[in-house]
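Following: one structure in structure tokens, then a few remarks.
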Amino acid sequence: MADTRGDDLAESLQNLFTSVSSMVKSELQGTNNQLDLLEKMNLRVAAEYDDLGDVAAGLRVFAEQMKSKSGGLDEFVGQMDAIEKQLSEFEAVISVLDRYVSVLESKVRAECRNHQHRRSNETVTE
């Protein structure tokens, strides 16, 4: 009887250790699966960051090209500013001349009227 009891106890302990071992293996396998998934996610994120780095490098090159092109335009912008200033001064001169011409036209018209008035007075007195 002691032998059967020992065998039952040994068998129960064996079942207990087998069950605990299976449970630990399952937990470790679940953790391993999570770590594999995390590794894949990290690799994917790293690839995305590499792509973003390439885009950023391309943008940097584009910005440098635009800066060099705009530097070449600075001379023309300066020339355009000078032309605009000269144009403003020219418009001011034209405005002054236009007023002067208007005054002259008024004087000429007045003189013509005076001249016609004098002629008509001379013909009446004759």
Side-chain angles (χ1 to χ4, degrees):
M1 190 173 229
D3 248 353
T4 57
R5 230 172 163 202
D7 289 340
D8 287 342
L9 180 61
E11 188 177 329
S12 293
L13 285 175
Q14 182 63 34
N15 286 339
L16 175 67
F17 287 127
T18 302
S19 297
V20 169
S21 173
S22 294
M23 184 183 77
V24 169
K25 278 183 183 179
S26 296
E27 287 293 320
L28 290 175
Q29 185 61 43
T31 301
N32 193 34
N33 290 343
Q34 288 176 349
L35 290 174
D36 286 343
L37 178 62
L38 185 60
E39 180 182 17
K40 289 176 184 176
M41 289 169 58
N42 282 339
L43 291 173
R44 177 68 179 159
V45 168
E48 289 294 323
Y49 277 118
D50 284 344
D51 292 344
L52 289 176
D54 293 342
V55 169
L59 287 174
R60 182 180 50 80
V61 168
F62 178 73
E64 288 173 359
Q65 289 173 347
M66 298 308 319
K67 184 178 178 182
S68 69
K69 286 180 182 179
S70 72
L73 294 176
D74 287 344
E75 177 185 342
F76 296 115
V77 169
Q79 290 175 357
M80 289 171 56
D81 288 342
I83 290 170
E84 185 177 355
K85 182 181 176 193
Q86 289 173 351
L87 183 61
S88 295
E89 292 170 355
F90 184 63
E91 287 173 343
V93 168
I94 287 174
S95 178
V96 168
L97 288 175
D98 188 46
R99 285 193 302 267
Y100 182 70
V101 166
S102 294
V103 168
L104 284 177
E105 284 177 347
S106 297
K107 287 181 180 181
V108 167
R109 283 189 191 123
E111 191 60 38
C112 282
R113 276 185 252 144
N114 286 339
H115 182 66
Q116 286 175 353
H117 185 60
R118 280 188 225 140
R119 282 180 108 191
S120 62
N121 284 342
E122 286 178 6
T123 50
V124 170
T125 56
E126 289 178 1

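Everything quoted here is computed from the prediction, not taken from an experiment. For reference, positions follow the sequence shown, starting with 1.
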(request) List for me each residue that meets salt bridge (charged side-chain N to carboxylate O under 4.0 Å, His left out) alongside Glu48, sequence neighbours excluded, and say none if there are none. (result)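 With sequence neighbours excluded, Glu48 shows a salt bridge (charged side-chain N to carboxylate O under 4.0 Å, His left out) to Arg44, given in chain and number order.
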
(request) Not counting sequence neighbours, which residues clear salt bridge (charged side-chain N to carboxylate O under 4.0 Å, His left out) with Arg60? List them please. (result)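 Result, salt bridge (charged side-chain N to carboxylate O under 4.0 Å, His left out) vs Arg60: Glu64.
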
(request) Step through the shown structure and confirm whether more than 12 heavy atoms of other residues, nucleotides or ligands are within 6.0 Å of CD on Glu27. (result)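 12 or below, so no.
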
Mind checking the [atom1]-[atom2] spacing from [X] to [Y]? Nearest 0.5 Å is all I need.
| X | Y | atom1 | atom2 | value |
| --- | --- | --- | --- | --- |
| Ser88 | Ile83 | OG | CD1 | 12.0 Å |
| Cys112 | Lys107 | SG | NZ | 14.0 Å |
| Thr18 | Lys25 | OG1 | NZ | 9.5 Å |
| Thr31 | Asp36 | OG1 | CG | 11.0 Å |
| Leu16 | Glu11 | CG | CD | 12.5 Å |
| Met66 | Leu59 | CE | CG | 12.5 Å |

In this structure, would [X] and [Y] fall into the same cluster of hydrophobic residues linked by side-chain contacts under 4.5 Å?
| X | Y | value |
| --- | --- | --- |
| Val55 | Phe62 | no |
| Tyr100 | Val108 | no |
| Leu35 | Leu43 | no |

(message) Can you confirm whether Phe90 sits close enough to Ile94 that some side-chain heavy atom of one is under 4.5 Å from a side-chain heavy atom of the other?
(response)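 Phe90 vs Ile94: side chains touch.
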
(message) I'd like to know if the side chain of Ser95 reaches the main chain of Glu91, judged simply by a donor and an acceptor atom lying under 3.5 Å from each other, with no hydrogens or angles considered.
(response)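 No, the answer is negative, given that no donor and acceptor are paired below the 3.5 Å cut-off.
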
